[in-house]
Amino acid sequence: MSSIALSLINVTKRYGATPILDGLSLGLFQQEKVGLIGRNGAGKSTLFRLLSGDESPDSGQVVVTQGLRIARLSQEPHFAPGATIREALEASLADHALLLSRHQEIHDGVHAAGSEVAAKLFDELQTIEHQLDHWGWDLLPRLKAAATTWGLQDLDAEVESLSGGWRKRVALAQAWLKEPDVLVLDEPTNHLDPEQVEKLEAWLQGFPGALLLITHDRHLLDGVATRMLELEEGNLRSYEGGYSDYLLEKSDREFRESRLTEHMQNRLRREMAWLRRGAKARTRKSKLRIQEVLDLKDTVEDRTRLEIRQGLAFAKGGNRSDALIRTEGIQFAYPGGEELLGNLDLNLQRGMRIAMLGPNGCGKSTLLKVLLGELTPTKGAVVRHPKLAVTAISQGRGELDGHRSILDNLADRAALVDSGNGSLLAHVYLTRFGFPVDQQSRPASTLSGGERNRLLLAKAMLSPADLLVLDEPTNDLDIPTLQNLEEALLDFGGTLVLVSHDRFFLDQVATHTLAWNEGGSPRWELYEGPPSTVRSLRQARAAEQAPEKPAAPRPARGVEAARPQKAGLSQKEQRRLLEVEQALAALHRRMAELDGIMAEPTAFLRLESPGHSALKDKEVAQGELEILELEWFDLEEKRTRT
């Protein structure tokens, strides 16, 4: 088994009375790549600050194995005031520079030292030379390699004067230069263009150390992670594999848990009926049973205290025409700028969901403005249906008035809004999007990026639209909200044009891709299929090959007729029920023993300390416990069935 790189042991962190992290334990093993996801506010950034040493836990321990180099990248990296890119990169080479300095110091002084001291210095010199053989005997080649890898050209530019995307590149180059054993990244793809995200993904795939990746980029998680962790209500759940594996395993787990909850509810109804018949705690056995009923009631209430998942829905407009927008040989260039469209012919038809794919600065937002009539093409024509209803969310979020309140940006006070499922008061409707009533009077200018996005989506869903245009709708949204948004767009009956850096999101939603074609005429090419298929389709088109045939639909599975079940248990099932009960008792004892091992002060002091294996064993035991509990409830339900 791989040795552990870093761990959190029974960590609790509070802000006020409510714990953000509650008795959380985490083990990250060497050469393991772990993706961490969770809702906004679940505690991901708190966990990152604990691992970075910026904050300390209220209780528990954060342990990094001694001797391992760790590099951390925050969402918004900070640099020394006035530092240039060169100086920022040189700061990451401090360990390398120290080795070179120490090598020169030993080399200059070893001949003047006594024999015993000289022997020790020679040993140290040999160790240093071994490290320098790996890193190099000159700082400049490493610095140039980092600048080339991350596209940093003007090394004399001040870092703080750069855009968010360029500052993120500098921070990634710093982490790359450190050649760490442990890498902890918090939203590393924010502000990066697709080309840089691909470079980041390639680096992380080949990274030989331990990686903890906190990100909303599900495509990156799918390409890099070997294990997924979901942070929810202060606790972690582990899933083997990448993001797609997590979705499948979570769906299966939720199904099993729903069945388990249903069994518990049925049992609780029977036990409550027994209590209502006048059960009295006259004997020790009756007292124990009454206490078990009360404990079961608390457990069922906890399991059924689920967050209400409000479905999102975009209202479809009344236009029944198939043709919504047609462009004929359009061109556009800003004064003194290059041509961005290149004689584009395009037909937007009802039901199409088009993803726009291209690097930053290629003109995606400009093309949207031309299609919507906000800019006039310098050549060609745009023909729109006269009754076209459009709802648009721009990248700059200019649709919000920062001086007005959250509620006033949506509707007049006490106004009724049509949510698609009936009329609601505006302030009640906003609570569905995570805006409590007591916060709806806040000015919109105080909203975070994710909050602004949610408010704009709430507005957009109230306006019936034939054409929905969303420019970077996924920015700052957590994964559960992204999943809801995907479902809403898949259910939308109109036409959709999407711009987003979220490749997973585009692949889930898009039926067509409008891809940037640098140097071509036109500059944009339309392909039938999501962005992940564009490369192969472009190659096929260039080679004048026939398009690939769509995959044959899978035959529908037959539904097996439910077999009638006999009441009570067979002798074999009775023996199995006894075995399961004994196994459950043994597992509970084993987990208590493991908790005792991990609570020892020396449990995680060394690589060979028992706490590391105990942490892994407890995770395995927890999975076995869930499976056995479900089997026990199945048997118990059958035993009591009449």
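- Looking only at atom types and distance, the side chain of R49 has a donor-acceptor partner in the side chain of T46 under 3.5 Å away.
- When all heavy atoms of S405 and S441 are compared, the pair lying nearest together is CB-O, 3.6 Å.
- Using a 4.0 Å cut-off between charged side-chain N and carboxylate O, R227 and E32 make a salt bridge.
- Taking each heavy atom of T513 and P531 in turn, the nearest pair found is OG1-N, 3.1 Å.
- For the pair D186 and K44, the salt-bridge criterion is not met [side-chain N within less than 4.0 Å of a carboxylate O].
- Within the 3.5 Å criterion, the main-chain N or O of D54 finds no donor-acceptor partner in the side chain of S52.
- Considering CD of E240 and CG of D245, their distance stands at 9.5 Å, rounded to 0.5 Å.
- From T84, atom OG1 reaches atom CG of D154 across 9.0 Å, with rounding to the nearest 0.5 Å.
- Side-chain N or O atoms of E472 include one that pairs as donor or acceptor with a backbone N or O of H501 at under 3.5 Å.
- With hydrogens and angles disregarded, a donor-acceptor distance shorter than 3.5 Å links the side chain of T65 to the backbone of A5.
- The aromatic rings of Y246 and Y243 are tilted relative to each other, their planes meeting at an angle between 30° and 60°.
- When the options L212, L73, I214 are evaluated for a side chain to side chain contact (heavy atoms under 4.5 Å, CB included) with F48, the one that passes is I214.
- Within 6.0 Å of NZ on K199 lie more than 12 heavy atoms contributed by other residues, nucleotides or ligands.
- With a 6.0 Å radius and a threshold of 12 heavy atoms from other residues, nucleotides or ligands, R535 has its CZ atom at or below the threshold.
- Atom CZ of F504 sits about 10.5 Å away from atom OG of S532, to the nearest 0.5 Å.
- Between the side chain of Y429 and the backbone N or O of A458, at least one donor-acceptor pair lies under 3.5 Å.
- Here the closest non-hydrogen pair linking L21 and G43 is CD2-O, 4.1 Å.
- Exactly one of I70, V62, L28 qualifies for a side chain to side chain contact (heavy atoms under 4.5 Å, CB included) with L51. That residue is V62.
- The CG atom of L36 lies 8.0 Å from the CG atom of L26; values are rounded to the nearest 0.5 Å.
- In this structure, CG on L357 lies 12.0 Å from CH2 on W516, to the nearest 0.5 angstrom.
- T12 contributes no side-chain N or O that, together with a main-chain N or O of D58, makes up a donor-acceptor pair within less than 3.5 Å.
- Between P530 and D507, the closest heavy-atom pair is CB-OD1, 3.4 Å.
- Without hydrogens or angle criteria, Q440 side chain to H427 main chain gives a donor-acceptor distance under 3.5 Å.
- Across all their heavy atoms, S500 and P473 have their closest contact at CB-CD, 4.5 Å.
- Atom NZ in K168 sits 9.0 Å away from atom CG in L200 (nearest 0.5 Å).
- When every heavy atom of V11 is checked against every heavy atom of Q61, the shortest pair comes out as CG2-O, 3.3 Å.
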